Amino acid sequence: MANKWDINFVRNIGISAHIDSGKTTLSERILFYGGKIHAIHEVKGKDGVGATMDFMDLEREKGITIQSACTQVHWKDLTINLIDTPGHVDFTIEVERSLRVLDGAILVLCGVAGVQSQSITVDRQMKRYGVPRLAFVNKLDRQGANPIRVKDALVEKLRLNAVMYQIPIGLEDKHKGVVDLITMKGIVFEGDHGEKLVDVEIPEDIKQLCVEHRQIMIEKLADVDDGIGDKFLNGEMPTNEEIMAATRRAVLSLKLVPVFCGSAFKNKGVQLLLDAVGSYLPTPAEKKEHALDLDKGEEQFELFPDPNKALVALAFKLQDTPFGQLTFMRVYQGKMTKGDFIVNTTNKRSIKIPRLVRMHADKMEDTDVTSAGDIIAMFGIDCASGDTFAHEGSNVSMQSMFVPDAVISLAIAPKDKTASNNFSKALQKFRKEDPTFRVHRDEESNETIISGMGELHLEIYVERMKREFACETTVGKPQVAYRETIGQAAEFDYVHKKQTGGSGQFAKVIGNISPLPADATETFLFENSVVGGRIPKEFIPAVEEGFSEQCKKGPLIGFPIVGVKVELTDGTYHDVDSSYMAFKIASMAAMREVYNKAKPTVLEPIMKLETTVPEEYQGPGVGQINQRRGIIVNTTSIEGNAVIEAHVPLSEMFGYSTDLRSATKGKGEFSMEFSHYTAAPRNIQEELAKKYAEKRAAEHK
């Protein structure tokens, strides 16, 4: 085995995909071939053990991955830090935070279904963090599998420059192995666990197909790599070594996605995929990372995975264990040694490293030192997800990750008053480990409200409260995260005057509010157009604060107001009676007064829904979506199944899974994710406003 800290032999990779594409099964095989486990367990295995990487009881019961699991495996002379991420959209933050710290990824696709809605989300996240990737078309043993069609979908739907690097030998129950298009050799997988790789001649029936796809591969490389391009133009054939070197350059520059084939469940193709990870995915030194120097006005500087440089590490995931909080860290620069003092640059606390461990799913081994480019876990430190750590004296920060807004809320309370201590402990813990899980107290109803990415997301946390904290809860009806906005511009002219003994309060604000353009990234914009000192400079922030605070809860249905631009054009002040507070109060009142003149509108969250039903149930499938105010965007047919893509309001989606199952005799499945906000129909808007008015009236009695 190579020297463990030769950075050129380290790979930090993630496995991402749509739910049920076989990510966890693939991880299980990687662990097996890497000698990390000695028996293979299935995700929903008959042995009751469950896959190694799905170690939470809940994951084993539901057969889905909820938390990203982390492990290290050795393959030939490579050290691979591997993260298996969830495919379910409700746990999107788990994928987000894993991709934030990974250098490369494997995008797993189902050989039958191909590119599904979650594959699109994962691809978008990979592009956001510039993660080079390989594609692995899995489940080629299944009926209707067709890897070339999946490759075409990668090109059409994801706009990736996807190129076949392997052609399968046999499909469905005849799937035996693959042809490597670089060496033009056939390889079949034999033995109980496919551990014997046997070279064979390319079968006659696919010889022509392999020749064609090898030619396409070279042409695609010639388009993105000058070295191969020159040879191609001169009519010369590049050597295998040149093809591999050019592929590596093209993958690292995100210009090419090589497509590999196999069936993880039937133990075919995994070892060759691991070889490709070594050949084409970046070392920690090849993926450029930056940090910000807070002492130099957030000046960017590049990080180098050099153990002798100053430490920079990012905490990207927290997990609670019986031994306390476990913090997963990626070390970008420098090294960490047990007993060292390091500083959390986010909260400026200094800590002594108590214990460093290397994780293998839920098992761990202690280590004394860890070097740049590694992923490690640490016990006994208090921090939040996304905090940066450095040595004392350096004040640096790494860009934190993108956290999407919550779309659904529930009122929740402990069933038993005696459990309220555990209840608040649980909420605090979940909030720390998952930035998309939010908790707040509704001042008016005095209820605790939890918000998240979807029904399943919140359901899992309610279930975890019961199991991990022995806290049974009562849960209210799901609440949709509506928003309010305005439809037209309106002017305000408001005077706030109050005279009590001594100095009074006086402020006058004049200006207008108008809707922001639909493509604006901000939700609130404030513009100061006051000239000639009509309002002193020190009071301008008070006006902005007043308007912005009033936007937190709209008067129409009590939800935040978004998409508003406030322009302050004039006003008056009084030498004695004007104050910061007076201008803030005036602005809040001005917003309340002008809001009704600006055509207030309710916005509702629209979800992107992808439903797959057998073709004979396509009618009921479409009918159900139409009943739920859905707009069908696209319908495609794949191997006897109809895939219906639609945009549906979230408020209409409760109970959909039960209805879909009963309409399709349990054969229908769906996935959905947040797409955008749009104006709610007039009748729904009126109903929501009426309910809110009744609620307010009841509270004021």
Side-chain angles (χ1 to χ4, degrees), residues 2-14 70 72 77-83 97-105 126 128-133 245 248-255 277-317 327-338 340-346 351 353 356 358 367-378 383 386-401:
N3 170 4
K4 198 171 183 179
W5 282 123
D6 183 341
I7 204 85
N8 297 314
F9 291 99
V10 176
R11 300 286 182 279
N12 293 316
I13 65 162
C70 193
Q72 191 179 73
D77 49 9
L78 284 185
T79 297
I80 300 174
N81 284 318
L82 175 77
I83 295 186
R97 60 170 135 215
S98 304
L99 290 174
R100 170 71 186 83
V101 297
L102 294 173
D103 302 323
M126 287 183 187
R128 182 181 292 137
Y129 296 112
V131 178
R133 88 286 302 258
R248 182 177 181 85
R249 290 192 293 273
V251 170
L252 295 191
S253 58
L254 307 180
K255 288 178 184 162
V277 165
S279 302
Y280 308 128
L281 288 182
T283 69
E286 287 170 317
K287 176 115 185 320
K288 296 280 177 274
E289 280 294 346
H290 294 88
L292 307 174
D293 189 331
L294 300 180
D295 290 337
K296 293 185 181 167
E298 298 205 350
E299 188 184 298
Q300 260 201 6
F301 65 95
E302 200 173 314
L303 296 171
F304 296 96
D306 177 346
N308 302 316
K309 283 187 172 285
L311 171 76
V312 178
L314 181 78
F316 67 95
K317 176 176 163 51
T327 306
F328 285 86
M329 286 210 194
R330 162 81 198 253
V331 185
Y332 284 98
Q333 187 173 283
K335 62 171 187 273
M336 289 202 282
T337 313
K338 192 175 157 181
D340 272 4
F341 279 94
I342 56 172
V343 174
N344 178 342
T345 62
T346 313
I351 31 189
I353 301 176
L356 287 171
R358 192 169 295 298
T367 179
D368 287 338
V369 65
T370 177
S371 200
D374 201 6
I375 290 177
I376 195 80
M378 206 187 282
C383 70
D387 284 0
T388 307
F389 287 83
H391 278 138
E392 288 180 315
S394 74
N395 191 11
V396 298
S397 168
M398 291 200 66
Q399 210 78 40
S400 187
M401 62 214 149

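The structure displayed is predicted, hence computed values, not measured ones.
Separating the CG atom in L82 from the CG atom in N12 is a distance of 10.0 Å, to the nearest 0.5 Å. Taken from CD1 in I375 to CG in L102, the straight-line distance is 5.5 Å, to the nearest 0.5 Å. Between atom CG of residue L356 and atom OG1 of residue T367 there is a gap of 6.5 Å, rounded to the nearest 0.5 Å. Put simply, NE2 on H391 and CD on Q333 are 11.0 Å apart, with the number rounded to the nearest 0.5 Å. Atom CG of N8 is separated from atom CG of L78 by 10.5 Å, given to the nearest 0.5 angstrom.
T327 places no side-chain N or O within 3.5 Å of a backbone atom of A315 that could act as its donor or acceptor partner. The main-chain N or O of M336 is never found under 3.5 Å from a side-chain atom of T370 such that the two would form a donor-acceptor pair.
At least one side-chain heavy atom of I342 sits less than 4.5 Å from a side-chain heavy atom of M378. Residues L311 and V331 are in side-chain contact: their nearest non-hydrogen atoms beyond the backbone lie under 4.5 Å apart.
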Item to check | Steps toward side-chain contact (heavy atoms from CB on, under 4.5 Å) verdict (K335, D340) | outcome: CA-CA 10 Å; K335 62 171 187 273; D340 272 4; over 6 Å; no
Checklist entry - Does the side-chain contact (heavy atoms from CB on, under 4.5 Å) test come out yes or no for D103 and T283, once each step is laid out? => result CA-CA 7 Å; D103 302 323; T283 69; over 6 Å; no
Next on the checklist: Before you tell me yes or no, could you show the steps for I13 and I80 under side-chain contact (heavy atoms from CB on, under 4.5 Å), namely the whole-Å CA-CA distance, both residues' side-chain angles and the distance that decides it to 0.1 Å?
Outcome noted: CA-CA 7 Å; I13 65 162; I80 300 174; 3.7 Å; yes
Checklist entry - How far apart are the C-alpha atoms of V251 and L281, what are their side-chain angles, what is the distance that settles it, and do they pass the side-chain contact (heavy atoms from CB on, under 4.5 Å) test? => result CA-CA 7 Å; V251 170; L281 288 182; 4.2 Å; yes
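Stacking of R330 on the aromatic ring of F328 is not recorded, the 6.0 Å distance cut-off and the 45° axial limit not both being met.
Looking at every heavy atom in both residues, P307 comes nearest to A372 through N-CB, 4.3 Å. Closest heavy-atom contact between L314 and Y332: CB-CE1, 3.9 Å. The two residues P282 and G104 come nearest to each other via the heavy atoms CD-CA, 4.3 Å. Closest approach of A285 and P305 over heavy atoms only: CA-CG, 3.5 Å. When every heavy atom of M329 is checked against every heavy atom of A313, the shortest pair comes out as SD-CB, 4.1 Å.
Looking at residues two or more places apart in sequence or on another chain, you find a side chain to side chain contact (heavy atoms under 4.5 Å, CB included) between K338 and D368. For L254, the side chain to side chain contact (heavy atoms under 4.5 Å, CB included) partners are P132, not counting sequence neighbours. Taking R11 as the reference, nothing meets the salt bridge (Lys or Arg N to Asp or Glu O under 4.0 Å) condition, with sequence neighbours excluded.
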